[in-house]
Amino acid sequence: MINLSFNSCLVLLLAAPVVTLALARWKNTRYLPAFLLLAALIASGGAALGTLLGRGGVSLDLTWLAPYPFALALDRLSAWFLLLLSAAGAPVVLFSASYVERHYKGARRHWLWALLPLFLLSMALVLTAATAFAFLFGWELMTLFSAGLVAIDGFDGERRRSIFIYLVMMHAGAAAVIGAFLGFLPHAANLDFASVRAGAPFMTVGARATIFLLAFVGFGVKAGIVPLHLWLPKAHPIAPSPVSALMSGVMLKTAVYGFIRFAFDLLGAGIPAWCGYLVLVAGAVSALLGILYGLYEHDLKRLLAYSSVENIGIVFMGMGAAMIFNAQGALGWAALALMGALLHSLNHALFKSLLFLGAGAITDATHTQDLEKLGGLLGNMRGTGIAILVACCSIIGLPLFNGFTGEWLAFRSFLAGGELSDVKAAIVLPLAAGVLALVGGLAAACFAKVYSVAFLGRPRSAEAAHAHDVPWAMQAGMALLAAACIAIGVAPSMVLGLAGSIAQQLIPGAVVPVAAGTFFQFIPWVAVFVLAVVVLGLLIPRVSRITPTWACGMPGLDSRMQYTSTSFSKPVRKVFNRVYQPQRTVEILPANQPFFPSSISYRSVRTTTYERLYRPAVNAIINAARGLGRAQTGNIQVYLLYMFLALIAALIYMRFS
Amino acid sequence: MRIALDLVQFLVLIATAPLLRGVVARVKARIQNRRGASVFRPYFDLWKLFRKEDLVPPTASLLFRLCPVILWAATVAAAAFIPVLRTSALLGNQGDIVLLVYLLALGRFFLMLGAMDGGSSFGGMGASREALVSTLAEAPLLLGLIAIAIVSHGASIATIVQWTAARAPFELSPAHAFACVALVLVTIAETGRIPVDNPTTHLELTMIHEAMVLEYSGPSLALIEWSSAIKLNLMLSLLVALFVPWGMAASDSIPALAIAAGVWVVKMAVLAVALAALESSMAKLRMYKVPEYLGMATAAAILAVVFTAYKR
Amino acid sequence: MGLVEFAAAKTLASSAVFLFITVLLMAAAKRTNRCIKLFAIQCAVITAQIAALAFMRHSAEAFAVAALVFLVKVIAIPYALLRISRQLKVTPAVVVSTTPVQSVFIVAGLMLLAFAVVQPYARAFALDSEMLAAATAIILTGGFLMISRKKALMQVIGLLVLENGIFLAALTTTFGMPFVIEMGIFFDLLVCVLLLGIFVFRIRETFEHVDVSRLRRLKG
């Protein structure tokens with residue numbers, strides 16, 4: 001049954017682009033691609049859920065298709081991420097059915113519907129790959145198809161540069177991942193996961209550490225760990241909103257999946273302890289810097305991209321803690337930390353997709369992504385507004401929404417870290433909890449800003465004033481994701497059970513501490529309590545009257561006098577000045593009457609430090625390439641000389657090795 | 001029986017919150033050589049506000065009326081976690097430290113949204129300042145609580161209180177001392193008292209919390225005022241329960257509970273007087289000195305965590 | 001005598017914490033006079049500790065040392081410093097190269113370093129690791145105060161704090177040096193402070209300021 005679902009999903013995803021392009025002519029089949037995709041995602045979701053509930057797995061050998069071993073398999077870890085793909089993907093597809101209809105015409109629309117299923121297929125390939133070749137094949141396709149989808153909105157000027165940077169960084173990461181797989185070669189001739197797993201215990205610690213570092217760098221580029229995150233804020237804002245949702249919600253998680261596969265499954269035990277600290281620190285730095293940069297932005301999508309960096313940082317913090325616990329022998333707490341990472345990945349997929357869809361809805365209604373031009377949207381866009389409110393509460397990690405579950409698990413495991421006997425771990429882990437608390441506070445500030453500037457108060461532009469809500473398909477997609485967020489937030493026990501079984505399988509001998517389970521059975525009671533009090537509060541009889549807002553008694557209060565996104569974030573930006581090092585220009589006109597200005601313009605540009613870090617590396621590579629270029633003299637005899645020298649070297653090596 | 005007792009404990013916390021505010025105000029007045037209003041004045045204020053009209057600005061959305069209710073619900077739910085008479089409370093489970101902090105954050109988030117909904121500069125000013133203060137206060141609050149939790153080998157408030165109550169009175173472990181410093185500093189910041197914020201100011205430019213509620217009136221304002229009173233009561237009771245829990249009832253007998261109630265009243269009175277004295281002797285900090293103040297709290301909390309590792 | 005014993009035991013158990021707190025407050029202090037008073041409090045805590053130890057070991061000599069510490073370090077030296085500070089008539093603010101918050105974090109880091117460094121020695125020689133860590137932390141803080149504070153009077157205070165830490169370390173490891181040596185040290189200290197006070201006046205008269213960071217002629 002599960003096999004059937006999975007195979008049908010693959011078939012549907014392969015058939016969808018063919019069908020789209022074949023039936024491109026007829027108008028009545030507009031919604032057919034979306035329908036096929038939805039069916040495919042529901043099938044894959046069913047397969048994943050079945051595997052997670054223990055009803056069997058999937059094993060598909062397609063080696064006859066490819067020159068190298070090519071097999072797909074669905075074990076519990078893959079199933080979790082496949083479930084993530086389906087759960088986040090289906091509402092996005094529902095949203096796109098209407099969104100693509102409204103915003104894209106002709107060839108661009110057909111290309112979008114052709115590339116989208118291929119993108120989903122490549123992600124499914126990565127998640128279910130059972131051999132290195134299948135994994136890398138899917139990895140490459142993921143990059144290419146997502147770049148194609150990003151390019152659909154246009155390929156000129158600044159966009160071209162951003163897509164180029166995206167492709168280059170993704171390929172650099174892929175090179176690192178290929179290197180990591182190749183590192184297994186002496187011990188696993190076949191490079192499929194089973195033989196790699198069997199061969200890993202015979203490797204030296206140094207070899208394992210090297211492979212781990214290569215994998216960390218490779219997957220870190222894809223996931224968006226600082227300082228390898230440069231492509232994220234360039235690629236996400238320029239993509240169509242559903243594509244951004246899938247990239248941020250699902251594609252980043254494939255990197256997380258790859259990392260977990262390497263660190264906990266393929267390499268097994270025996271990674272040196274300092275690797276765990278490296279991952280934890282890298283995660284903490286990404287989380288902190290991600291949200292700090294996000295606070296600075298007023299372009300909605302770029303802000304959400306930086307927020308993704310932050311959340312990936314939190315996931316890596318959880319995984320780093322799990323590795324540290326594993327090295328210390330506290331297997332139960334390692335499982336708990338890993339559960340936190342898994343759960344946060346799922347939650348992030350749900351609420352980040354919802355946020356990007358909301359950005360798409362806002363763009364649809366007001367034709368702008370700039371927070372400074374929005375305002376008062378809740379009055380006209382009620383459904384969207386409520387869904388985005390749920391998403392903002394979730395991303396902050398407020399209780400009774402799904403973000404809280406992952407964060408609670410992280411905090412609980414960091415707390416347990418304080419009781420370890422190793423002094424270093426006993427200090428670092430609770431301090432990581434402090435960093436997580438700071439990050440949570442900054443996220444609250446950031447998303448309070450986003451929601452209140454966009455949806456509350458007065459409209460700051462004419463487009464915002466005349467916005468009206470989006471069609472029902474788009475609202476339905478957002479409502480589904482919002483409902484999932486609330487469901488996991490209020491009753492997380494089932495999802496927790498699934499994640500717990502995965503963690504216990506990955507860390508052999510671990511038993512998840514019972515305390516975690518009882519806490520989450522307690523949450524529904526808290527929800528009932530809060531709801532009861534809210535109802536009580538709403539029942540208080542009151543008479544309302546509309547009166548003008550208080551403006552110190554002066555008339556003429558208009559939307560320009562509200563706080564903007566820039567002013568809301570000013571106090572935090574001022575405190576963290578060292579991180580931003582902004583260059584500010586303030587221009588007051590007319591210059592001869594500075595106290596009675598007719599216009600004031602304020603411009604603050606953040607110093608992007610990482611691009612300065614990359615400059616020496618890029619220059620070194622270019623210089624090295626130029627140096628090598630000098631070996632290309634153009635003279636045939638010189639080339640013959642090179643070949644002759646290589647032959648002599650091979651003979652000598654053969655003789656003396 | 002136990003649930004009835006916990007319910008009584010919870011209702012006491014909710015009901016005496018305005019009284020605490022009244023006592024602090026009265027002591028401050030006496031220190032400033034005035035007679036001061038009656039200690040029951042906040043109750044009369046609430047009664048007056050509940051019977052008044054709700055004045056709503058024209059930009060208000062459906063959130064405007066909802067935000068005070070959610071703030072009140074979150075604060076009341078948080079109050080259900082605090083042990084007052086017995087060593088456990090109405091709600092509580094392993095790991096509820098984090099839940100407590102985040103319930104307060106839930107209330108605060110909706111208050112910030114409600115402030116921005118008014119569409120005026122003052123609401124935005126209050127919300128952005130509150131965002132700064134709460135961001136910086138979360139780390140020392142959680143770190144301080146985590147440090148105490150590590151020392152007492154538990155993860156819930158009830159476990160910590162029971163562990164501390166079982167030890168001899170006033171044993172000053174360094175982790176506890178530094179965590180106490182951090183938590184006291186954070187309490188003042190979270191509840192918006194001098195030196196972080198002036199709860200009785202009328203100058204809009206010096207407000208943080210008051211600026212956020214400038215647009216509210218009638219029953220909404222009553223809920224918000226009550227919530228901030230409950231928050232003060234909650235945080236002070238939490239400090240008392242975590243650091244000086246001796247005197248709490250170990251059994252459910254009437255004499256033990258009566259003694260516990262009396263001891264709690266005495267402890268809260270001492271804290272109220274101390275708070276009033278502190279507020280009368282210091283000036284409110286400039287807005288951008290508050291991060292320095294919270295930086296000291298963070299350093300104290302970090303040291304508390306360091307001491308938990310080395311004190312073994 | 002139960003109450004006195006109880007007080008002595010409590011003092012010994014908690015003096016390390018009070019020393020840590022005074023160290024942090026000194027790092028955060030923004031006024032010179034406040035620093036001097038904190039130094040006096042620190043010495044008072046050390047006096048109480050010596051007295052408690054003296055009581056536990058029934059050593060009359062140690063009581064004499066406690067009395068000496070009290071007279072010299074809690075009364076005489078702070079009084080002299082406060083007089084100098086008043087007569088100098090410089091601005092009461094402590095001019096610093098690091099802000100109070102940065103200083104607090106640096107001192108917290110130094111305390112962590114002190115703890116980390118002291119562990120093996122405390123275990124090997126069966127000493128009180130907390131008190132030894134406190135002594136090391138005080139030494140490091142004294143050094144930090146000398147480096148980061150620009151006014152000459154603060155340099156003197158930093159030196160005194162440094163000496164405090166060394167004295168405390170000696171106390172923890174050997175329960176005090178021979179009595180005569182201690183007397184000698186105290187006398188030296190007193191003369192030192194008086195001389196430094198005179199020097200500070202001379203610096204002021206010659207250069208018309210006491211900002212040490214502007215004295216840059218110590219070059220080849």
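A note on names: the letters A, B, ... follow the listed sequences, proteins ahead of strands, and every chain is numbered from 1.
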Among B:Leu62, B:Leu99, B:Leu66, which has the most heavy-atom pairs under 4.5 Å with chain A? B:Leu99
Report yes if some heavy atom in the side chain of B:Phe64 is under 4.5 Å from a heavy atom in the side chain of A:Leu456; otherwise report no. no
Measuring from B:Glu204:CD to A:Cys552:SG, what's the distance to the nearest 0.5 Å? 5.0 Å
Under 4.5 Å from any heavy atom of chain B - which part of A:Lys574: side chain
To the nearest 0.5 Å, how far apart are CG in B:Asp96 and CZ in A:Phe519? 7.0 Å
Non-hydrogen atoms of A:Phe568 and B:Ala131 that approach each other most closely: CE2-CB, 4.1 Å
Among the options A:Val423, A:Val453, A:Leu436, A:Leu400, pick out the one with the most heavy-atom pairs lying under 4.5 Å from chain B. A:Val423
Side chain from CB out, backbone as N, CA, C, O: work out which of these in A:Val575 comes under 4.5 Å of a heavy atom of chain B, or both, or neither. side chain
At their closest point, which heavy atom of B:Pro219 faces which heavy atom of A:Pro541, and how far apart are they? CG-O, 4.4 Å
Comparing A:Pro571, A:Ala532, A:Gly397, A:Gly434 against chain B, the one with the most heavy-atom pairs below 4.5 Å turns out to be A:Pro571
About how many Å separate CD of A:Gln562 and CG of B:Asp117, when rounded to the nearest 0.5 Å? 9.5 Å
Closer than 3.5 angstrom, by distance alone: can the side chain of B:Ser121 be matched with the main-chain N or O of A:Met561 as a donor-acceptor pair? yes
Search all heavy atoms of B:Glu138 against all heavy atoms of A:Gly441 and return the closest pair with its distance. OE2-CA, 3.9 Å
Among B:Met125, B:Met287, B:Arg65, which has the most heavy-atom pairs under 4.5 Å with chain A? B:Arg65
Check A:Leu378 against B:Ser61 and note the closest heavy-atom contact, atom names and distance. CD2-OG, 3.4 Å
Highest number of heavy-atom pairs under 4.5 Å with chain B: which of A:Asp558, A:Val530, A:Leu536, A:Thr518? A:Thr518
Can you tell which part of B:Thr298 gets under 4.5 Å to a heavy atom of chain A, answering side chain, backbone, both or neither? neither
Close contacts, residues 383-392 of chain A versus chain B, judged by heavy atoms under 4.5 Å: A:Leu389, A:Cys392
When the 4.5 angstrom heavy-atom criterion is applied to A:Arg545 and chain B, the contacting part is both
Under a 4.5 Å cut-off applied to non-hydrogen side-chain atoms, are B:Val98 and A:Phe404 in contact? yes
So, taking the atom named SG in A:Cys393 and the one named CG in B:Leu113, what distance separates them when rounded to the nearest 0.5 Å? 7.5 Å
From CZ (A:Arg542) to OG (B:Ser217), nearest 0.5 Å: 10.0 Å
Quick one: does B:Tyr310's side chain get under 4.5 Å of A:Ile427's, heavy atoms only? yes
Would you give the length of the straight line joining atom OH of A:Tyr451 to atom CZ of B:Phe109, rounded to the nearest 0.5 angstrom? 8.5 Å
What's the verdict on side-chain contact (heavy atoms from CB on, under 4.5 Å) for B:Tyr102 and A:Ile396, showing C-alpha distance, side-chain angles and the deciding distance? CA-CA 10 Å; B:Tyr102 272 81; A:Ile396 296 175; 5.6 Å; no
Does the side chain of A:Thr547 reach to within under 4.5 Å of the side chain of B:Val56, using non-hydrogen atoms? no
